Amino acid sequence: MSKIAFVQKNKIPPSPAPISEVGVIGWLKQNLFSSWFNTLLTLLSIYFIFIILKDFIPWAWGGHWDTKSLRECLDLNPDVACFSVLTARWKQLLFGLYPAEEYWRPTVTFILLIFSIIPILFPKYFRFFWFSIIYPGLAIWLLWGGSIWSVGIVYIGFFLGVLLFILLLRNITKNMVITGISSILFVILFFIFFSNYLVKNLDIIIPISLPPVESLKMGGFTLSLIVGITGIVASFPIGILLALGRQSNLPIIKMICVGFIEFIRGVPLITLLFVASVLLNYFLPPGTNFDIVLRVIIMVTLFSAAYMAEVIRGGLAGLPLGQHEASSSLGLTYWQSQRLVIMPQALKISIPGIVNTFIGLFKDTTLVSIISLRDPVGLASTIRADQTWNGIYWELYVAIGLMFFVVCFGMSQYSQYLERKLKTDK
Amino acid sequence: MEKTKINITDEVAIHISEMNKWYGNFHVLRDINLEVMRGERIVVCGPSGSGKSTLIRCINRLEEHQKGRIIVDGTELTTDLKNIDKIRSEVGMVFQHFNLFPHLTTLENCTLAPIWVRETPSKEAQEIAMEMLEKVKIPEQAHKYPGQLSGGQQQRVAIARSLCMKPRIMLFDEVTSALDPEMIKEVLDTMIQLAEDGMTMICVTHEMGFARQVSDRVIFMDDGQIVEQNEPESFFNKPQSDRTKLFLSQILGH
Ligand SMILES: Nc1ncnc2c1ncn2[C@@H]1O[C@H](COP(=O)(O)OP(=O)(O)OP(=O)(O)O)[C@@H](O)[C@H]1O
Ligand SMILES: [Mg+2]
């Protein structure tokens, strides 16, 4: 037998890892002090964190909450924060110029918001989607007031349209195009001819209404949420359609989508907002009263839809061609394979980019302060223009930053949860 | 093993005549004439780039031909989308790289098309799917995702997924080429079983053992043409054309 031949006869049982590899010390050693360079970085980072917190913590911790003006704060102790501005103005930061006796309305709207988005965010555990469908109308009614029927009629119209669609499909013809077009036609006719009449009569029979609040009164974080959430919800489907359009084989559709995306991406959001606030009036027929908040929402939506489209296109490009081939070879139609095979995968790949766009959109809502809507940043200027708080900076902006941070951080966390949940390869 | 030839009927399943295809200026398929009977098992072989994949992909319109006719199950392939969808739902295809839907479980992969294309009730679709998964011998993997399966298992799921549509014709495009040797056998066994059940099959493959064992006819392609076709015995033992001889010596020679 040659010398290199070898046979292992006894099996070595597993033994616990040495203490330096596991536990707190092991972790520290592995992650923070693994080499001299790593150690240096760790120490430097600790030093930086220390410098920042050394001044910030005493400043924030010792802050005043109940003085009457900035002057008073400075007299007491100029080296600590003067959060009294928040005590005095927090309602304004949250609700803008919304009438004080109606504060309950935005409050209820946001509490209900939670109930409407949780089933969408965690569809596995909740099964009451009907509320998420009713919510948008309810929110509009709560925030803007007026008769409940002016919002309800929209639901009635669409409900009748869907009903007609299903009935036609069941009983008359299986052709989606014919049934679709006739249902849409019906809905349009309904809104043109019947809705006014119906609203009037419903108002007389069951009068439910809230005092109307005009759009210019909307402000503060309420406005940010209104614009941000509506923008997010609306830009998502538009972005998907644009991305599909851009990949389409039909040249005209492709051209329109590419043109739209490139145009919107090439123009700063501020420009679009100016167009919304000023220029649009020149184009619209005189006398039309096109709500300013709605105009802003449309612009913000279009803006982020263009970005969304590009993010989703990235996801689509990441899919192997084989997925399309497999789904067509099984006989799925174009829309079926997009909906059931392609989009679920493309969207999953694009989650980080999509959430990035959402977060960007939400923070961009602060730009509306430039066209003199009163979002928190706009309000900060108003508050600082006030004699009592003139000269205050940090406290206000820290608070506003914190509000935005909470929402954006939430979105980011959710996206990470979603990515983990949708992971199917291991 | 004795082959069962009784399967072949005199009903035409696929009829291809004078079919030509170009990629831009490149003439990939030239004057293809082919008639496949119901129940027939055909193996297509030939050097890389000879147009084998393109040929079978024309049969379910993954590729469009420019000249000639292709008639599948009595329906001619034209630009009419209705015909295309009808043919696709009756012709199953299995790919080299499986192309399973990674976001769906094995079972969902199998039920997707029956539910949406055939409008089979979901419970019934699941029963069919389990039956097919049993046929390919992996019912226990029904609730796993494709990413959690071995290559051979994935390919068998892909076969089951096609079978769930109850196709009358199956196309296989080098379904074992991406697999490790020990997995090739499990997939081939599945295909042999299908062949014995009388499925009309066109298989692009370099597995000559498989060709000998189950095929009724071997087609040799080169440069976009069908160069030679014959029963497997004669094809392997007495090849006529020089190109076939060269190809066979290369593939069997080493
Ligand atoms: N989409 C395409 N555009 C242009 N040329 C193509 C395209 N697809 C294939 N070809 C060319 O057509 C020829 C035939 O390709 P095909 O895939 O049918 O060959 P094959 O016989 O299946 O080869 P292999 O054994 O390598 O799979 C090749 O020369 C290939 O380069
Ligand atoms: Mg090929």
Side-chain angles (χ1 to χ4, degrees), chain A residues 123-124 166 169-171 173-179 240 248-251 253 312 315-352 354 415 417-426, chain B residues 53 56-57 59-64 81-106 108-119 143-149 154 157-158 161-167 169-173 178:
Chain A
K124 240 192 182 151
I166 295 174
L169 211 59
R170 285 247 177 93
N171 303 323
T173 162
K174 278 244 167 204
N175 189 324
M176 285 275 198
V177 181
I178 294 175
T179 45
I240 292 180
S248 164
N249 293 329
L250 309 172
I253 290 188
I312 293 172
L316 286 171
L319 286 192
L321 198 58
Q323 293 292 310
H324 292 270
E325 293 180 346
S327 54
S328 343
S329 78
L330 285 167
L332 294 169
T333 63
Y334 174 82
W335 288 109
Q336 285 174 337
S337 73
Q338 292 300 339
R339 186 160 52 91
L340 302 166
V341 175
I342 306 301
M343 270 306 151
Q345 296 182 63
L347 292 180
K348 184 181 133 189
I349 301 175
S350 332
I351 289 173
I354 292 173
S415 86
Y417 155 81
L418 203 60
E419 277 181 70
R420 276 195 305 274
K421 199 187 79 169
L422 294 179
K423 217 171 158 126
T424 55
D425 44 356
K426 275 285 153 306
Chain B
S53 301
I56 66 167
R57 289 157 61 88
I59 294 173
N60 67 352
R61 247 298 151 132
L62 286 184
E63 302 289 351
E64 195 177 327
L81 288 176
K82 272 224 181 77
N83 285 353
I84 297 175
D85 284 339
K86 176 167 177 286
I87 287 172
R88 280 180 179 163
S89 65
E90 275 166 29
V91 179
M93 181 156 191
V94 187
F95 303 85
Q96 181 173 2
H97 296 289
F98 330 137
N99 298 349
L100 290 175
F101 306 133
H103 62 300
L104 300 177
T105 63
T106 299
E108 289 163 344
N109 263 279
C110 292
T111 55
L112 186 77
I115 290 177
W116 291 95
V117 180
R118 294 250 190 273
E119 293 179 7
H143 298 287
K144 284 196 185 165
Y145 286 96
Q148 300 165 320
L149 304 180
Q154 290 191 46
V157 172
R161 178 177 69 176
S162 285
L163 291 179
C164 285
M165 287 294 282
K166 302 267 164 85
I169 299 167
M170 287 284 284
L171 308 172
F172 295 85
D173 191 359

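Below, chains carry the letters A, B, ... as their sequence lines are ordered, and counting in each starts from 1. Computed from a predicted model, the values in this text were never measured in an experiment.
Taken from CG in B/D85 to OH in A/Y334, the straight-line distance is 14.0 Å, to the nearest 0.5 Å. To the nearest 0.5 angstrom, B/L81 atom CG is 10.0 Å from A/T333 atom OG1. Atoms CZ and CG, from B/R88 and A/L332 in turn, are 10.0 Å apart once rounded to the nearest 0.5 Å.
Heavy atoms closer than 4.5 Å to chain A are found in the backbone of B/L100, but not in its side chain. Looking at A/Q336, only its side chain comes within 4.5 Å of chain B, counting heavy atoms on both sides. Looking at B/V94, there are no atoms closer than 4.5 Å to chain A (heavy atoms on both sides), in backbone or side chain. Using a 4.5 Å cut-off between heavy atoms, B/R61 makes no contact with chain A at all. Both the backbone and the side chain of B/F101 come within contact range of chain A, each with at least one heavy atom under 4.5 Å from a heavy atom of that chain.
With A/E419 contributing its side chain and A/I351 its backbone, the two residues share no donor-acceptor pair below 3.5 Å. A donor-acceptor contact shorter than 3.5 Å is absent between the side chain of A/H324 and the backbone of A/I342.
Ranked by heavy-atom pairs under 4.5 Å with chain B, the list A/P344, A/S328, A/S327, A/S337 is led by A/S328. When the candidates B/R161, B/K86, B/H103 are compared by the number of heavy-atom contacts under 4.5 Å with chain A, B/H103 comes out ahead.
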task: Kindly indicate, with the supporting measurements, whether the criterion side chain to side chain donor-acceptor pair (under 3.5 Å) is fulfilled by B/N60 and A/S329.
output: CA-CA 7 Å; B/N60 67 352; A/S329 78; 4.8 Å; no
